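All of these numbers come straight from a predicted model, not from anything done at the bench. Chain naming here is simple, since letters A, B, ... match the order of the sequence lines and numbering starts at 1 in each.
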There are 2 protein chains.
Amino acid sequence: MARWQPDAHGRLCAAALELFEERGYEETTVAAIAERAGLTKRTFFRYFGDKREVLFAGSEEFQATFVDAVAGAPQSVSPLEAIGAGLAAVAERLEGRREFAPRRQAILATNPELAERERAKMASLAAGAAAALRERGVGDPAAGLAAEAGIAVLHVAFAEWIAGGAEGDLGGLMRDALAELRALAA
Amino acid sequence: MARWQPDAHGRLCAAALELFEERGYEETTVAAIAERAGLTKRTFFRYFGDKREVLFAGSEEFQATFVDAVAGAPQSVSPLEAIGAGLAAVAERLEGRREFAPRRQAILATNPELAERERAKMASLAAGAAAALRERGVGDPAAGLAAEAGIAVLHVAFAEWIAGGAEGDLGGLMRDALAELRALAA
């Protein structure tokens, strides 16, 4: 077997999703994922620490995308507009995972531990965004509230996107949900 | 030993909190909790399924308090006002746990599994409130957004209350945080 496998990462992701869907997450082994991908376990562990990482790889980059966009929004904009810039940035990122995102979400829903990990990720995202707002000079409790409200918008818009088969424009759904939040609060 | 122990439930709670604080949650056994309370393990298991239940007992009633208040708000009020009624109801409930609540929160922060359980509780609270709003005729995504924004308000106000040693009026902090959210969205 050649040392270098073209798109090993993508093949492992695809194989893992297929097996999680066919057999269930818990019943799927790393050996089976590697086999389905036509690769070795050793190759799997070059990319992922364990099978859970197939679903959570890139979480840090996802958070960095959100937080950097909040931090980098023009100083003149309101806290909720800065959060809106973060939402736009992650929407763009997720648009590139149209095929992966809904399947991933369906798998998370089958396993309490995965669902918990996802909630922890969202809590960390809210904390990161709140910290970015504080650095912009936003006080408390406004920073925490704007950040958590932003995660509510992300959550609701993402659920709509998934429910629609991840078609349509996630960025647009985020903007609509943010506008809806403003209307609710008016 | 007498079959009936006066305030066994309260004594077990107090003993568990003391030990979680002194030794850490993980290092505390049910046997040690019962011993500290001057009761038997058998008595402990009459009240709690395990040591974690000491921290999470009453979660269902807490959610019922919130959801019933949302459902029971006058039909004329807005979705966010109905959520406000839920927040007022749980604030009143938590005021009665002034001594317990901040100590419990500090223990949750020491243990990832407990923190995850608490996040799951909050997610369930948001889902319950959203369902109550839908029954009031609120559509989507408004119902989900108002419910999740309400949990953001609860979370932020509760953190402020805890940070202040759980003194002052939690209901007032909830109202202030809801007003702050409205101001942010304006």
Rounded to the nearest 0.5 angstrom, the CD1-CD1 distance for B:Ile151 and A:Ile151 is 15.0 Å
Among residues 94-119 of chain A, residues within the sub-4.5 Å heavy-atom range of chain B, in order of number, are A:Glu116, A:Arg119
Note: vs chain A, highest number of non-hydrogen pairs under 4.5 angstrom among B:Ala159, B:Ala120, B:Gly144 is B:Ala120
(Q) Is it the case that atom CD in A:Glu18 sees more than 12 heavy atoms from other parts of the structure closer than 6.0 Å? (A) yes
Quiz item: Same hydrophobic cluster for B:Val67 and B:Phe56, using side-chain heavy-atom links shorter than 4.5 Å among ILVMFWY?
Solution: no
Spell out, yes or no, whether A:Leu154 and A:Leu55 are grouped together once hydrophobic residues are joined by side-chain heavy atoms under 4.5 Å, including indirect joins. no
For residues 121-142 of chain B against chain A, heavy atoms under 4.5 Å, the residues are B:Ala123, B:Pro141, B:Ala142
message: For the CD atom on B:Glu21, are there more than 12 heavy atoms of other groups (residues, nucleotides or ligands in this structure) within a distance under 6.0 Å?
response: yes
Taking a cut-off of under 4.5 angstrom between non-hydrogen atoms, the residues of residues 71-88 of chain A near chain B are A:Pro79, A:Leu80
What one should report as the nearest heavy-atom pair of B:Val156 and A:Leu145 is CG2-N, 3.9 Å
Among residues 179-186 of chain B, residues within the sub-4.5 Å heavy-atom range of chain A, in order of number, are B:Glu180, B:Leu181, B:Arg182, B:Leu184, B:Ala185, B:Ala186
Q.
Let me check something: do B:Leu17 and B:Phe62 share a hydrophobic cluster, defined by ILVMFWY side-chain heavy atoms less than 4.5 Å apart, either directly or through other members?
A. no
When clusters are formed by joining ILVMFWY residues with side-chain heavy atoms under 4.5 Å apart, either directly or through shared neighbours, do A:Tyr25 and A:Phe44 land in the same one? yes
